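Reviewing the structure listed below.
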Protein chains: 2
Amino acid sequence: MSSATIKDVAKLAGVSPSTVSRVLSQHPKISPATVRKVKEAMETLGYHPNIMAKSLVSKSTQTLGLVLPRSAEELFINPFFSEVLRGMLAYANTAKYDLLMSSAHSQQEELEAVNRMVMGRRVDGIILMAPRKSDPIVDRLREHDFPFVLLGRSVDYDDVLCVNNDNRKAAYDATNHLIEQGHTRIGYVSGPPDLVVSEDRLAGYREALAEANLPCNREWLVGTEILEKSGFHAISLVMNLPERPTAFVIADDVVAFGLIRELYQAGLSVPQDVSIVSFNNIVMSELSNPPISTIDIGIYHLGYLTVQQLIRKISGEAITQPQITVPHRLIVRGSSVRSHK
Amino acid sequence: MSSATIKDVAKLAGVSPSTVSRVLSQHPKISPATVRKVKEAMETLGYHPNIMAKSLVSKSTQTLGLVLPRSAEELFINPFFSEVLRGMLAYANTAKYDLLMSSAHSQQEELEAVNRMVMGRRVDGIILMAPRKSDPIVDRLREHDFPFVLLGRSVDYDDVLCVNNDNRKAAYDATNHLIEQGHTRIGYVSGPPDLVVSEDRLAGYREALAEANLPCNREWLVGTEILEKSGFHAISLVMNLPERPTAFVIADDVVAFGLIRELYQAGLSVPQDVSIVSFNNIVMSELSNPPISTIDIGIYHLGYLTVQQLIRKISGEAITQPQITVPHRLIVRGSSVRSHK
DNA sequence: AAAATACTTGAAAACGTTATCATATGCCGT
DNA sequence: ACGGCATATGATAACGTTTTCAAGTATTTT
């Protein structure tokens, strides 16, 4: 039951394939009568254009590539990912684009996947998530002048499209909030250290402390992976220090969840003994006990705008602002304010 | 900078395009010397095959379609989705398949997306998530004899491929666990009512109650959407009844989170006043306070096996078992056991 | 040593579209 | 009424692969 081709439609409608193609692409100079005939024929045959053939000649696939970074395991478990994907799909959908996803377990596979997509002309543009410092793939795509957009900040070039938060400022705000609550010993639990975002946030944290003339003890810097479990031991180490922090800025809500639980088991409670501010404002941060104070970074928007920028680039629209910053805002909840001091 | 074609490679290597194609597809009868020459040429030209052209003639795209249901908003916010996607991508990756995602806001769009993918020969097979009772898309794909797999149970046909849990038994187990803890008034908070899975779980819940000769009060059945917020009001209603439940089976961990918080705000605590068992075992259910007792349904596996089945079907392998059931297991945590009775 | 057989390569036709160019028809101005 | 000019359609050549068929060369068989 192989599907009908443009020729079948042409034959049934009594016109040439060219005419059918013109009807398909809504060519202006075509008589209403013919349009009707052709559409009728398409209907009765259940015709749908073969996208491969179409792409082959028109060189446009209406598809965007999304290669998941090799740290996908971490990302995935985090609701951050589904939310950003939701934003991406939302815009893609309005522009009639689809998303082609590929996952990679190693940098080698990552490069292969990009090559398959890009060089194989399988996608019109590509989205790169969570860039590391100086990513070879970025260089590659830049050389080939292939449309792509970074979800995150570009370290090396300032002409590449990217959509990002002001992570430095966000961490600065988070830290400042804790300072305003009267904390003087504030720790930091970071994400994967080679991610650009981790670096930026650490900088903002440091800046806020410096500005308030507060100490930034190396021992209070927990360098955990984004997965919640890995940080556990580190946390107990920190909390057993003679001079232990009374508050933490945490790079991710999921990590915060783990931390709260860990502290609870150690007999410490949030926010009475330790205050907490984290990042992302995932749905469950509001439902936690206590609810988690967090920086809402507009994840959905991040995804939405990323795709919007990419599609603009592909359509050849002039891009006035290659680097977009999505605003963040601090949401204060129970984890960082003690009801009765 | 348009990329090199197979002809360019052929010219540089001094052979015919056919030969290059044969090298590409690892044809057996081709001399080692030629292979070397051709590979060299491909290397220097940075050649990558054009997948569109390849698919056009070979009629295989190495791509699987995933159309997100119109209730995607709900699904997405739930970590369930990223986990199942992770499993899907993992297997797809090993088999060198990519995933083409499309989101739909209405049933109309859903059908369009499937048509674009299937009739446009853009994918080799398609994954359908969270099927509703008697889905027209299933009928359609069946008619066309197009490879597809259901993540969930097929209500109407027993020859369609599907990967599922024994949701009836899972709910039965969850309910039984609460009964064993001594509860006699057990409520149920369900997911979207038109989903097959909701129906199955409700049945299991009822069965367990009936078997234990316990009442199944209609007023204790909270029909919430899967999003955590919607259930709030309903819950307060239930808890204000003269004869209120002392335990709940909850269709989803995220809903459980919301419920615990809501109860807490009403001055009730878990598990002292109300016990809870839910479904999915998302990462955060372990990190909750108290940790949530839940049925682990093997989400990752669900996704992994779904793609495995689909690819088997596509490859024409004989499928002995069209319907696969992924085992579940009850994980007892703090939300359902009172430390000191 | 001739014939049969195996192995390796090339030429050309397909796959289902779009796009360019040419052609036929009807209409207008003079 | 006739050359010119829109307007609507058709023929044909791409697009970059794979695949079938045939042919050329090397190797074996009798």
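Residue numbers begin at 1 in each chain, while the letters A, B, ... track the order of the sequences. Here the structure is a predicted model, which is why all the values come from computation and not from measurement.
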[X] side chain: which of [options] is closest?
| X | options | value |
| --- | --- | --- |
| A:K29 | D:dT12, D:dA8, C:dG10 | D:dA8 |
| B:L24 | C:dG16, D:dT18, D:dG10 | D:dT18 |
| A:R22 | D:dC21, C:dT20, C:dG16 | C:dT20 |
| A:T5 | D:dT17, D:dT9, C:dT17 | C:dT17 |

* Does any donor-acceptor pair link the side chain of A:S58 with the base of C:dA19 at a separation under 3.5 Å? -> no
* Structure fact -> By nearest-nucleotide position on DNA chain C, the 5'-leaning member of B:V57 and A:S25 is B:V57
* Under the salt bridge (Lys or Arg N to Asp or Glu O under 4.0 Å) rule, what pairs show up with a residue in residues 8-28 of chain A, not counting sequence neighbours? ->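 Applying salt bridge (Lys or Arg N to Asp or Glu O under 4.0 Å) to every pair that reaches into residues 8-28 of chain A, excluding sequence neighbours, yields nothing.
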In whole angstrom, what separates [X]'s [atom1] from [N]'s [atom2]?
| X | N | atom1 | atom2 | value |
| --- | --- | --- | --- | --- |
| A:I6 | C:dC15 | CD1 | P | 14 Å |
| A:H27 | C:dT17 | NE2 | C1' | 16 Å |
| B:L45 | D:dG16 | CG | C1' | 15 Å |
| A:K7 | D:dA11 | NZ | P | 12 Å |
| B:L56 | C:dG16 | CG | C1' | 6 Å |
| A:M52 | D:dT17 | CE | C1' | 13 Å |
| B:M119 | C:dT17 | CE | C1' | 16 Å |
| B:R121 | C:dC15 | CZ | C1' | 13 Å |

Is there a side-chain polar atom (N or O) of [X] under 4.0 Å from OP1 or OP2 of [N]?
| X | N | answer |
| --- | --- | --- |
| A:K54 | D:dC15 | no |
| B:S21 | D:dT18 | yes |
| A:T34 | D:dT9 | yes |
| A:S16 | D:dG10 | yes |

* Out of A:T306, A:L305, A:I311, which one pairs with A:Q308 under the side chain to side chain contact (heavy atoms under 4.5 Å, CB included) rule? -> A:L305
When all nucleic acid strands are considered with a 4.0 Å heavy-atom cut-off, which category describes [X]: base, sugar-phosphate, or nothing?
| X | result |
| --- | --- |
| B:I30 | sugar-phosphate |
| B:S18 | base |
| A:S31 | sugar-phosphate |

* Asked: With no hydrogens and no angle check, do the side chains of B:S16 and B:T19 hold a donor and an acceptor under 3.5 Å apart?
  ->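 Yes, a side-chain donor-acceptor pair sits under 3.5 Å.
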* Any sub-3.5 Å donor-acceptor pair from A:N164's side-chain atoms to A:T325's backbone N or O? -> no
